[in-house]
Amino acid sequence: MKYYILFGPPGAGKGTHAGAIAEKYNLKHISTGDLLRAEIKAGTELGLKAKSLIDAGCLVPDEVVEGMIENAFNTIKGVDGFLLDGFPRTIAQAESLDKILAARGESLKAVISIMIPDELVYERIKHRASIEGRADDASDEIIANRIRTYHSQTEPLIDFYKKDGRYHEVAGYPGTLEENQSRVLKMVESLA
Ligand code: ADP
């Protein structure tokens, strides 16, 4: 099995490009954000607990998302691997992922990082808000909190993965969606 991480700040285009990558390499795309929103929609206890944190632009506890990922690895069959989107988001989650994979006799193949500057994060999220209506896309303050959270908790993962050569970065701008997509796919192709 091949395990990839799709990394980048909110609004970098992870969700947008994940489908094309997953299809091309027969990977299961797993977005922890999507899984959490599904829990909220279904009104589960986990969803209720996560909602206030997500709506405020904060991270949910590491154990919550780690459990979701492990559950997905255990139950999803018929694919050649997994494309993780929005996980890991903390060093603790990255260390857990390494342990979860090692216990399965597997390891992470690569981190595919899509980079955009903070100004673009605002622009992209504002645009998405008008289409998807997510509560955590709704105000400047919440978006600012997510960018702060990204820089303080998630960005340190870049050095974590650079250390052992697993980190590969591609620009998520400028250009049209198609131009960005082809740049991302070309980069993934170079890893395969
Ligand atoms: P975006 O890429 O726009 O930040 P996501 O859908 O990936 O959106 O995540 C939405 C929210 O879900 C995050 O702001 C956070 O509250 C929660 N979340 C998603 N993944 C994780 C994770 N790995 N660890 C902690 N919280 C997470």
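Sequence positions, counted from 1, serve as the residue numbers for this chain. All ligand and atom numbering here is 1-based and tracks the order in the structure.
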Is the shortest side-chain N to carboxylate O distance from Arg146 to Asp137 below 4.0 Å? yes
Residues around ligand 1, heavy atom under 4.0 Å from any ligand atom, sorted by chain and number. Can you pull those? Pro10, Lys14, Thr32, Gly33, Leu36, Arg37, Ile54, Cys58, Leu59, Val60, Val65, Gly86, Phe87, Arg89, Gln93, Arg128, Arg134, Asp136, Arg146
Checking Lys109 now: which residues fulfil salt bridge (Lys or Arg N to Asp or Glu O under 4.0 Å) with it, not counting sequence neighbours? none
Please identify each residue that fulfils salt bridge (Lys or Arg N to Asp or Glu O under 4.0 Å) with Arg183, with sequence neighbours left out. none
Looking at every non-hydrogen atom in both residues, tell me the closest pair between Pro9 and Lys14 and how far apart they are. O-NZ, 3.2 Å
Salt bridge check: are Arg166 and Asp98 linked by an N-O gap of less than 4.0 Å? yes
Going by salt bridge (Lys or Arg N to Asp or Glu O under 4.0 Å), name the residues that satisfy it together with Lys162, two or more places apart in sequence or in a different chain. none
